[in-house]
Amino acid sequence: MQVHRPAKDKPKGSAGKTAAARAAAEQKTGSLFSSYAARVKIQPRSVRGRYDNLRIAALVITQLVFFGLPWLMWNGRQAVLFDLDARKFHLFGAVLWPQDFVYLAGLLVFCALTLFFVTAVAGRVWCGYSCPQTVYTEIFLWIEAKLEGDGPRRRKLDDAPWSWHKLRVRGTKHVLWVLFALFTGFTLIGYFAPIRDLPMQIIHLELGPWQWFWFLFYAFALWGNAGFLREQVCTHMCPYARFQGAMFDKDTMIVTYDKERGDPRGSRSKKADPAALGLGSCIDCGLCVEVCPTGIDIRDGLQYQCISCAACIDVCNGVMDKMGYARGLIRYATENALTNHLDSKATAKRILRPRVLIYGLILLVLAGALVGSLVSRNTLRVDIIRDRGALSGIAENGDIENTYTLNLMNTSERPLVLDLGVTGMPELRIDGQTRIEVPATSNRMVPLAIHLPPTTTERPGSHNIEITVTPVPQEGEEDTGAKPRREGTVYMVPR
Ligand code: SF4
Ligand code: SF4
C-alpha cells in the first residue's frame with residue numbers, strides 16, 4: 001500500500017487539489033505555524049453514475065431495514081426486541097435468553113469472517129457502500145447539498161463572511177441534521193423498548209435515564225460524526241482502515257487508476273490526438289479528486305484513506321465519455337490484472353484463490369451450523385439445582401426424601417404443560433404435583449421432592465438418577481414444539 005504523497009511531489013499543473021495539498025498550501029500562507037498538516041474541510045462534489053446508483057440502493061436498503069424493523073410485528077409482539085429488563089431477545093417468534101449467548105458469539109464470528117471474505121475479494125466495499133459512517137455521511141451531505149449547493153458552492157459559502165443568508169442556510173441545515181439524528185437515536189432505543197410506546201413516553205418525559213442517555217448520545221454522536229468528523233472517522237478512528245491492508249493482496253479488487261493508459265496527463269482539446277501530443281488518456285481535470293469524500297487523488301495509487309466508494313470511477317467515466325475515449329481509466333481491478341494485462345476471465349480465476357475459497361467454505365459451514373442449531377433448538381430448558389444444605393432427610397411419612405429445585409424455561413411464544421417423572425431406582429417417586437404449566441417466554445422455579453420408601457434395599461450413598469420433563473400437547477395441538485428433556489442428578493440414601 002502506498003502512502004499518500006505530499007503535495008510538493010505531485011505532477012506540475014495537477015488540477016483538483018487533494019485535501020493534503022490544500023492543507024499544505026493553507027499552512028504556507030496561514031499565520032499559524034504547526035508541525036502537523038492542518039485539516040482542510042472536504043466538500044466533495046456530487047456525482048452521478050452506475051456506482052452512485054449502487055450506493056443509493058445500498059443506502060435505501062440499509063435504512064429501510066434499520067428504521068423499519070422495530071415497527072414490524074410478529075405474533076402480536078415487536079418482531080425484533082432486545083428486552084434487557086427481562087433479559088430476553090425476541091427475534092421473529094424465537095426468544096433468545098442469556099443462555100443463548102453462543103448464538104450471538106456465532107453471529108459475531110460469522111460477521112467477522114464475512115468481512116474478511118469480502119475484503120479479500122473486493123477490498124473495502126463495505127466501507128464504500130454500507131458502513132453506517134458512509135451511509136449517514138451521504139445522507140447529511142445530501143441535506144447539505146440541497147441547502148447549500150454542490151461542493152464548490154459549499155466551499156465558497158465556507159469562506160464567505162457571516163451574513164443573514166449564511167446564518168439562515170446553516171441554521172436550517174443544522175435543524176434538519178439534528179432532527180434526523182434524533183429520529184435515528186429514537187429508532188435505536190426502539191430496538192430495546194417497545195417502539196410504539198416511545199413517542200408518548202418522550203412527550204411526557206417518561207423515558208428511563210439510560211433510555212434518555214442512549215437516545216441523546218446516539219443522536220449527538222451521529223450529528224458529530226456525519227456532520228463534522230466525516231472522513232476523519234474513516235482515516236483516523238476506524239481500526240478496520242488500518243488492518244484491512246493485511247487482508248489485501250495482488251488479487252484483491254480495488255479502485256485503481258490505469259497509469260499506463262492515463263499518463264502522461266495533460267489538458268487538450270476534444271479533437272486533439274493524445275498520441276500526437278505525447279499524452280495519455282487523463283486530461284488532468286481533477287474531477288476524480290473533487291468528488292472523493294476522503295480528499296485523496298487515486299492517481300497516486302492505492303491509499304489507506306480510499307474507502308472504495310467508486311465516486312472517482314463514475315466521474316472519470318463521464319469525462320471519458322465526453323472526450324470520446326474508452327471508459328475505465330479509473331476502475332475496479334486487481335493489481336495483478338493491471339500489471340499483467342489480464343482479461344476478466346483470468347482475473348476472476350485468480351480472485352477465486354485458496355484464501356477466498358477457505359473463507360467461503362468456513363462461512364458456509366458456520367452459517368449452516370448456526371441456522372441448523374437455531375431451527376432445531378429445544379424451546380424447553382431444564383436446570384436442576386440440588387439442595388446442598390440437606391443431602392437427604394426423612395419425610396413425615398418416614399420416606400427418604402431428597403429435595404431439588406427445577407428451573408423450567410419456556411423459550412417459545414406459547415405456554416407449555418409439562419409432566420415430571422423420575423427414573424434410575426425402582427421405587428423412586430415424586431412427592432407432590434407432577435404436572436406443571438410454564439407460561440410463554442418465561443421461566444418457573446419448581447421445588448421438587450423425590451421419595452424412596454424406608455423399606456428400600458438400596459445401598460447407602462449416592463445413586464445416579466434422571467429427572468424427565470415431558471411436554472404434553474394440548475387440545476388441538478399435535479406438537480408443542482418442545483422436545484422432552486432427561487436431566488441427570490444424584491440421589492442420596494443415608495447410612
Ligand atoms: S477524472 Fe479522469 S481524466 Fe479527470 S483527472 Fe481524474 S483520472 Fe484524469
Ligand atoms: S479514491 Fe475514489 S474510490 Fe477511493 S475514496 Fe476517493 S472517490 Fe472513493
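Remember, it's 1-based here, ligands and their atoms both numbered in the order they're listed.
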Salt-bridged, Asp297 to Arg299, with N to O below 4.0 Å? yes
Is it true that a side-chain atom of [X] and a backbone atom of [Y] form a donor plus acceptor pair closer than 3.5 Å?
| X | Y | result |
| --- | --- | --- |
| Ser46 | Asp150 | no |
| Arg355 | Met247 | yes |
| Gln78 | Val80 | yes |
| Arg154 | Pro44 | yes |
| Lys156 | Gly151 | no |
| Asn410 | Ser412 | yes |

Can you measure from CD (Glu335) to CG (Asp251) and round to the nearest 0.5 angstrom?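 If we round to the nearest 0.5 Å, Glu335:CD and Asp251:CG are 9.5 Å apart.
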Assign the ring pair Phe140 / Phe180 to parallel, tilted or perpendicular, where the plane angle (0 to 90°) is split at 30° and 60°. perpendicular
Under 4.0 Å to a heavy atom of [X] - the qualifying atoms of ligand 2, by number:
| X | result |
| --- | --- |
| Ile298 | 1 (S) |
| Ala310 | 3 (S), 8 (Fe) |
| Thr294 | 5 (S) |
| Ile307 | 4 (Fe), 5 (S) |

Using 2.8 Å as a strict upper limit, say whether an N, O or S atom of Cys306 approaches atom 4 (Fe) of ligand 2 that closely.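 Yes, within the cut-off.
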So which bit of Val255 gets within less than 4.0 Å of ligand 2, heavy atoms only: side chain, backbone, both or neither? side chain
Is there a heavy atom of Gly262 sitting under 4.0 angstrom from any atom of ligand 1?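 For ligand 1, residue contact (heavy atoms, under 4.0 Å) with Gly262 is absent.
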Report the part of Arg299 in contact with ligand 1, treating N, CA, C, O as backbone and CB onward as side chain, heavy atoms under 4.0 Å; options are side chain, backbone, both, neither. side chain
In terms of residue, atom name and distance, what is the protein heavy atom nearest to [atom]?
| atom | result |
| --- | --- |
| atom 8 (Fe) of ligand 1 | Cys282 SG, 2.3 Å |
| atom 6 (Fe) of ligand 2 | Cys292 SG, 2.3 Å |
| atom 3 (S) of ligand 1 | Ile283 N, 3.5 Å |
| atom 4 (Fe) of ligand 1 | Cys285 SG, 2.3 Å |

Nearest neighbour of atom 2 (Fe) of ligand 2 from the list Cys312, Cys288, Pro44, on a heavy-atom basis: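 The option holding the nearest heavy atom is Cys312.
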Testing Lys166, Arg153, Arg170 one by one against Asp158 for a salt bridge (charged side-chain N to carboxylate O under 4.0 Å, His left out), which residue passes? Arg170
Suppose I only count heavy atoms of Asp284 and a 4.0 Å limit; which atoms of ligand 1 are within that range? 5 (S), 8 (Fe)
Quick one: which ligand 1 atoms are inside 4.0 Å of a heavy atom on Ile330?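 Counting from 1, the qualifying ligand atoms are 7 (S).
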Examine ligand 2 and decide if any of its atoms is less than 4.0 Å from a heavy atom belonging to Ile296. yes
